[in-house]
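Numbering of residues begins at 1 and proceeds along the displayed sequence.
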Amino acid sequence: HLVESGGGLVQAGDSLRLSCAASGMPHTLYVMGWFRQAPGKEREFVAAISANGARTYYEESVKGRFTISREPSQNTVYLQMRGLTPEDTARYYCARAMNGWGAWTPEPPPRLQREYTNWGQGTQVTVSS
C-alpha cells in the first residue's frame, strides 16, 4: 500500500518534495518509480530508484531538476522537484516495479506502467506561470 503526499499549488521556479509512504511492504526490496499524468495525457515515467538506492534514472525533461531518493528507516521514497514549470503540472504517482534492475546492467530500469504495481492514489502538483 503506497500513499503519496506533498503536492500543491506553486509558482514557476518553486520547489516541492513529494513523499511516497509504504505500508505493508518493505519498499527497500523493490525498484520504486514515480510517474505523472497531466489532464488529457497518458501517464508517463518520471524517475526510478534501485532497491538499494544506489542507482537512479530520470526522464529527460526532469533530469537535473528532480531527485529521487529513499529513506529506509521511514519506508518512504521521495521526489524532490526544483525549478518547476507549468509543464510539470500533473498528478504524481508512485509505484513499485515488478521486476528488478540489476546492479551491473547498462539497461535502464522498468519505465512502463505495466511494469509497475501497487499504485498509490497520487498527489496533485499544479505550477502556475
Quiz item: Partners of Asn52 by side-chain hydrogen bond (donor to acceptor under 3.5 Å, both in side chains), sequence neighbours excluded?
Solution: Ser50

Self-check item: Listed once per pair and sorted, the side chain to side chain donor-acceptor pair (under 3.5 Å) pairs that draw on residues 13-23, sequence neighbours left out
Solution: none

Exercise. List in chain and number order the residues that pass ring pair (Phe, Tyr, Trp, His ring centres under 6.0 Å) with Phe35, two or more places apart in sequence or in another chain; answer none if no residue qualifies.
Key: Phe45, Tyr116, Trp119

All N/O donor-acceptor pairs, side-chain side in residues 99-106, below 3.5 Å, sequence neighbours left out:
unit_1, atom_1, unit_2, atom_2, d
Trp101, NE1, Glu107, O, 2.8
Thr105, OG1, Glu107, N, 3.0

Exercise. Start with the C-alpha distance between Met32 and Leu2, add both sets of side-chain angles, then the distance that settles side chain to side chain contact (heavy atoms under 4.5 Å, CB included), and finish with yes or no.
Key: CA-CA 11 Å; Met32 298 294 293; Leu2 300 172; 3.9 Å; yes

Quiz item: Mind checking what makes side-chain hydrogen bond (donor to acceptor under 3.5 Å, both in side chains) contact with Glu71, not counting sequence neighbours?
Solution: Ser73

Quiz prompt | Neighbour count >12 (heavy atoms, 6.0 Å) for atom NZ, Lys41 | solution = no

Quiz item: If you round to the nearest 0.5 Å, how far is OG1 of Thr67 from OH of Tyr58?
Solution: 4.5 Å

Self-check item: Distance (rounded to the nearest 0.5 Å) between Leu18 CG and Phe66 CZ
Solution: 8.0 Å

Exercise. Would you give the length of the straight line joining atom CE of Met81 to atom CG of Leu16, rounded to the nearest 0.5 angstrom?
Key: 4.5 Å

Quiz prompt | Contacts of type side-chain hydrogen bond (donor to acceptor under 3.5 Å, both in side chains), residue Ser5, not counting sequence neighbours | solution = none

Quiz prompt | Contact list for residues 46-55, test salt bridge (charged side-chain N to carboxylate O under 4.0 Å, His left out), sequence neighbours left out | solution = none

Quiz item: Is the side chain of Thr76 donor-acceptor paired with the backbone N or O of Ala21 at a distance under 3.5 Å, no angle test?
Solution: no

Self-check item: side chain to side chain donor-acceptor pair (under 3.5 Å) pairs, two or more places apart, involving residues 120-129
Solution: Gln124-Thr126

Self-check item: N/O donor-acceptor pair under 3.5 Å between Asn75 side chain and Ala22 backbone
Solution: yes

Quiz item: Looking at residues at least two apart in the chain, or sitting in another chain, which of them share a side-chain hydrogen bond (donor to acceptor under 3.5 Å, both in side chains) with Asp88?
Solution: Arg36, Arg65, Thr85

Practice problem: Please answer: with hydrophobic residues joined when any side-chain heavy atoms are less than 4.5 Å apart, are Tyr57 and Leu112 in the same cluster? | Solution: no

Practice problem: State plainly whether one hydrophobic cluster holds both Ile68 and Leu29, where clusters connect Ile, Leu, Val, Met, Phe, Trp and Tyr through side-chain heavy atoms under 4.5 angstrom apart. | Solution: yes

Quiz item: Is the closest side-chain heavy-atom distance between His1 and Val3 below 4.5 Å?
Solution: yes

Quiz prompt | Between CD on residue Gln80 and OH on residue Tyr78, distance to nearest 0.5 Å | solution = 11.0 Å

Quiz item: Quick one: are Arg96 and Thr117 in side-chain contact, heavy atoms under 4.5 Å?
Solution: yes

Exercise. Could you tell me which non-hydrogen atom of Val62 sits nearest to which non-hydrogen atom of Val46, and how far apart they are?
Key: CG2-O, 3.7 Å

Quiz item: Given side chains that start at C-beta, do those of Tyr92 and Glu4 come closer than 4.5 Å, heavy atoms only?
Solution: no

Quiz item: Which pairs count as disulfide (SG to SG under 2.5 Å) when at least one residue sits in residues 39-82, sequence neighbours excluded?
Solution: none

Quiz item: Can you list the steps and then say if Gln37 with Tyr93 is a side chain to side chain contact (heavy atoms under 4.5 Å, CB included)?
Solution: CA-CA 8 Å; Gln37 187 167 19; Tyr93 300 85; 4.2 Å; yes

Quiz item: Going by the disulfide (SG to SG under 2.5 Å) test, which pairs reach into residues 25-93, not counting sequence neighbours?
Solution: none

Quiz item: What is the minimum heavy-atom distance between Ala48 and Pro109, and which atoms define it?
Solution: CB-CG, 3.8 Å

Exercise. May I have all residue pairs that pass disulfide (SG to SG under 2.5 Å) and include part of residues 10-109, sequence neighbours excluded?
Key: Cys20-Cys94

Exercise. Answer yes if Trp34 and Ile49 sit in the same cluster of Ile, Leu, Val, Met, Phe, Trp and Tyr residues linked by side chain heavy atoms under 4.5 Å apart, and no otherwise.
Key: yes

